[in-house]
Amino acid sequence: MPKEKISLGQRLRSYVREFDADTFSYDSSMLFCKYCEIKVNCEKRFNVTQHLKTEKHTKAIKRRQEKTEKTQQFLMNSSKKSSFNKDLCHALLSANIPLNKLSNNTFRNFLETYTGKEIPTEATLRQGYVDDLYDETVEKIKSEILNKKVWVSIDETTDIEGRYIANVVVGILELDKPGKQFLVNCKELEKTNFSTISKLFDDSIQLMGIQRDNVLLFLSDAAPYMVKSVAEEIRGQFKSVDKLIASVKKTFRKAPSRVQIFKSKAPEISLPPEPVITRWGTWINAANYYCDNLSTIRSIFELLDNDDAVSIKVAKKYINKNGIDVDLIFIKSNFLSLTTSLKKLQTQGLLLSDYIEIINDVEKLFETLRGPIGLKIQSKLKCVLEKNNGLLLLKKMSSILLGIRDIGELDGLPDDISSSDVPYLKFATITSVDVERTFSTHSLFDKSCNMGIQNFYDGCDIFITGGTGFMGKVLIEKLLRSCPGIRKLYVLMRRRKDKCITTRVNDLLALPLFDKIKTEHPGVAENKIIPIYGDLSEIRLGMSDDDYNMLVSNVSIVFHVAATVRFDEPIRDAIIKNVRGTREVVELASQMKNLLVFLHVSTTYSNCNRIYVDEKVYDSPISWQEAILIAENLDPKLSETLSTKFLGLFPNTYTFTKLLAEQIISEKSARSNHNNNNMPMVIFRPSIVISSIAEPILGWIDNFNGPVGLMLACGKGVTHVTLANKNSSPDFIAVDLSIKAMIVAAYHRGTHNSSTDEPLTVYNSSSVKKSITNNLLLQFAVKYFMLHPFDEILWRPRVMITGSKRLFYYLTIILHVLPAMLIDFVLKTTGQPQTVKLVKLQRKIYLATMALSSFTLQTWTFKNTNFLNLLTHIPEDEKDDFNFNFEDINVEDTFITCLTGVQKYLFNTDPNKKTQARNNLKNQFICSSDQQNVDRNMKGCVIFSPLRPVVVNRLQGHINIIFSTDLIGLFWFGVRISMSLSLRSSSEVDSLIDAKSKKKK
């Protein structure tokens, strides 16, 4: 007789039975190795046995065994733990009370008083007891579902932080009653596809010890999602109604005064609803509310001022829009019953036939729709029903269970479903909503599923290094103003010779930066900022033992912002401060008992030896341990001599040492994760940070770094030529946006501190798409300073850009050095006081320009996916405080704000003298190639601003002065040449110079 052909499903089952279910799992068409987590070729038995002999499979088994041994050791050690702490942790989790509430002093004192026990910290419970409770709960669920027929559902939802979470629900299938349901796993997914869902399914049933043959039904919330997709179609067809609902909702959120107006005007109706998009029926209910109360809502909005909020203006627009009444009536008359169907589908304990009947009722309802919109929605429902083969199968099983005989035989049912399995589907559900909450990896390790940013920081002690720097000041102000529940804020400060650290704090709070917090939260900054004496360049940060131990005991969040940012810092000093200093801060943080997150501020240019910079830590040319050893032991002069060899492709010591500091963070994070001593860490890389654009005040800045110095020199008339690539686009970001993102990054990492989360997260705080070329930037600066000049200028704002270092050198001598020598000479001979020697100033400008040339002549690409994803983790009700989205920000407006801040906060420009400054600018005489009144024989000369008081008074109004010196002639010749060259590109100038040099040769 011919050999009977074995189906694929039978062959897969035979492999699992032969080679152990702990090694392989399968579905209808695939054999999956649990150890290697890959798909295995299953055409022949030989292929399977070959896989089992591979080195990869052997190593995977060894890793699994080592992990099991560690778990067993951990469980043995857990028996020595406090039973009180365990019971307390269990009680808090069962009551859904966030563990961080233990940091509340009133609650903590209450527990200690009435229990007579020492209350553990949140960190103690998380690290020592949560895992035990999780394991116990898993074992309890296992015993419930052992050898039972079950259904498994995996559905994707969005949590309060905007993350996509896949929930795995297991339900017991009973013959005579609805079975229990358990949420057994939750996992955050970056993407949803067959591979990720299959792996999650396999991991979950393996976790629960479920045999695959006992899984009779796999659901993906198909039926409710069909109705949901239709609900989304309805919302999409009525965009004006959607805008109305959203804007009115935003108008009354966190606005007590407007709520009071609403209640006084319409006491008989409730406040406008706040629908949640993921709760599908709430939007239709909201539309029904506006249909019933639209006239009342209109009258209330007439009392509100458009200038109070953008949402008021938007809401008025849509409230009074033509056709809004018609849309609301259509929604109410046709779709209100859809919300009832949604609620029924979410009801637990119904028969399978009851669920199918609900779906059939929805189909009948939509068959009555008419009109163009109604037909589109009807077509949408029909389309999703036709594509859902699983629902058709459930309908057939429901008919079998109802005893309907005209459906034919059991043909068409899956091979894995036998006639003995069908009765278990009588109480099968088609939805997994509102299941009893049980422990899961995701929910346990979240600090709180509903925790907002302010709640995360409430009651925390925070340690900040670099608090007196530019970003540190803004960070302190933002934390205290937007998170006033912070307990203490410890700031590392050096003691200066002329000022103690207390005086430095007073000087810090006297800045205009802190005016807003003094108004909104009087006394908060003064009472919560605690200065700590220390120095980044010293071992143990130069702290006293008392201060060190206090930080170890109290601090739960660390922001390491301090660093030396000088590009010309000696290599030894840069390593001591930026590398060894980081090591000392990390060592301090590793001893902190309640640490929730450690955030290290680096720079996007820490990897400037690469054109494309991803959000990850790259290898360094030497180890950070070797760098510290060299800095501590090598002679300073010798180390400086060898600095070029150390730096390699890095242009300066700052970027080089910041990369080494990142290595410390990366190694510490990996080591703590390997030892199951999770130390949550973040590397935050800002690009070039400029002034604030919104908070707490417009244009705040306290330094000349980045593009500010160049634009300032241009505005003062000190710089006429600079070295840069015209088409290169430096990456800028406003300081207040970067600080908001930094706070959100720490919050997100602190609330995702589980063994399943990445031990280290890197964020490139980069604006990328909002960049501007060097050429446009300087053109804009010239335009701005022509309209808003300084009180005193050396020359009318004008600048040319060249990418040639040789040409830049020549033009610097002609346009900068020679005029500076002349002015210094004239002022000295006339006895005029001179606070700054212009020749020395021009030398500094030249050296600074050459130091920056590595950045101004090149363009980098910074990947910022992680950075932008932080926007999705900001709770909806806190976006006004922490939203750092720069998509709608105009680059030109940003730099207008920046330059205004420079004049206001760095130069204390008097706004009342604007007219006088403009007149001074008009009185400047410019030597240009098209000036008709300049003597062609080069006898005309500019009267510089510093010379004007000396020369004009003596010549009694004469404008033109005749100088016969060769120096003036040379200068005038240089000006004429530079003006003609300014019309050419740098590449053309280079080619001209090369041609002339070849001709001479």
Side-chain angles (χ1 to χ4, degrees), residues 190 463 465-466 536 541 557-564 574-592 595-610 612-631 646-650 653-687 741-742 745-746 748-750 752-766 860 862-867 869-870:
E190 292 185 2
F463 177 55
T465 68
L536 204 63
L541 302 176
I557 299 172
V558 176
F559 288 96
H560 178 39
V561 189
T564 174
I575 291 174
I576 292 295
K577 294 175 183 177
N578 290 352
V579 184
R580 194 180 74 177
T582 298
R583 182 195 69 182
E584 295 301 310
V585 177
V586 169
E587 182 61 30
L588 169 64
S590 65
Q591 300 178 45
M592 292 176 178
L595 185 68
L596 294 175
V597 61
F598 179 98
L599 187 143
H600 169 73
V601 177
S602 184
T603 171
T604 52
Y605 295 95
S606 61
N607 297 284
C608 58
N609 57 328
R610 302 172 184 273
Y612 177 83
V613 180
D614 202 347
E615 290 174 300
K616 67 178 184 179
V617 178
Y618 292 93
D619 293 335
S620 59
I622 65 172
S623 70
W624 61 269
Q625 294 94 337
E626 292 173 337
I628 293 176
L629 190 65
I630 292 171
F646 292 153
L647 296 180
L649 297 176
F650 288 84
T653 58
Y654 170 67
T655 56
F656 176 67
T657 54
K658 293 303 281 185
L659 174 60
L660 293 177
E662 288 188 5
Q663 298 296 319
I664 298 176
I665 305 299
S666 178
E667 289 185 20
K668 180 63 178 178
S669 175
R671 189 162 58 249
S672 63
N673 188 60
H674 178 72
N675 296 331
N676 293 324
N677 181 24
N678 197 15
M679 186 175 177
M681 307 186 87
V682 173
I683 292 178
F684 190 86
R685 296 172 177 162
S687 57
M742 191 187 302
H748 183 248
R749 187 66 188 88
H752 290 71
N753 181 19
S754 74
S755 57
T756 59
D757 292 311
E758 291 294 329
L760 175 65
T761 312
V762 181
Y763 298 100
N764 287 340
S765 177
S766 163
W860 285 265
F862 302 113
K863 183 179 178 181
N864 63 349
T865 304
N866 291 345
F867 177 68
N869 283 343
L870 283 175

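Only this structure's heavy atoms are used, side chains among them; waters, hydrogens and symmetry mates stay out.
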Any side-chain heavy-atom pair from [X] and [Y] closer than 4.5 angstrom?
{"X": "F463", "Y": "L588", "value": "yes"}
{"X": "L870", "Y": "Y763", "value": "yes"}
{"X": "I664", "Y": "H600", "value": "no"}
{"X": "F598", "Y": "I665", "value": "yes"}
{"X": "H748", "Y": "T761", "value": "no"}
{"X": "Q625", "Y": "R583", "value": "no"}
{"X": "V617", "Y": "L760", "value": "yes"}
{"X": "L659", "Y": "P621", "value": "yes"}

In chain order, what residues pass the side chain to side chain contact (heavy atoms under 4.5 Å, CB included) check against [X], with sequence neighbours excluded?
{"X": "L536", "result": "L541, H560, A562, V585"}
{"X": "A631", "result": "R572, I575, I576"}
{"X": "L629", "result": "N633"}
{"X": "K577", "result": "S537, T564, E569"}

Item checked: Residue pair W624, E667: steps toward the side chain to side chain contact (heavy atoms under 4.5 Å, CB included) verdict -> CA-CA 10 Å; W624 61 269; E667 289 185 20; 3.1 Å; yes

Next item on the list: Please list, chain by chain and in numerical order, all residues satisfying ring-ring contact (aromatic ring centres under 6.0 Å, His included) with F684, sequence neighbours excluded.
Entry: none

Item checked: Set of residues satisfying ring-ring contact (aromatic ring centres under 6.0 Å, His included) with respect to F656, sequence neighbours excluded -> F650

By side-chain hydrogen bond (donor to acceptor under 3.5 Å, both in side chains), which residues pair with [X], not counting sequence neighbours?
{"X": "N864", "answer": "none"}
{"X": "N578", "answer": "T657"}
{"X": "R580", "answer": "E632"}
{"X": "S606", "answer": "E662"}

Notebook entry, point to check: If every non-hydrogen atom of A741 is compared with every non-hydrogen atom of F867, which pair is closest and at what distance?
Noted result: CB-CE1, 3.3 Å

Item checked: Nearest heavy-atom neighbours spanning S687 and S766 -> OG-CA, 4.2 Å

Value rounded to 0.5 Å, distance of [atom1] in [X] from [atom2] in [Y]:
{"X": "K863", "Y": "T604", "atom1": "NZ", "atom2": "OG1", "result": "15.5 Å"}
{"X": "E626", "Y": "S620", "atom1": "CD", "atom2": "OG", "result": "8.5 Å"}
{"X": "E587", "Y": "M592", "atom1": "CD", "atom2": "CE", "result": "11.0 Å"}
{"X": "L599", "Y": "I557", "atom1": "CG", "atom2": "CD1", "result": "10.0 Å"}
{"X": "N609", "Y": "Y618", "atom1": "CG", "atom2": "OH", "result": "9.5 Å"}

Checklist line | Step-by-step side chain to side chain contact (heavy atoms under 4.5 Å, CB included) determination, C608 to W860 | finding: CA-CA 8 Å; C608 58; W860 285 265; 3.8 Å; yes

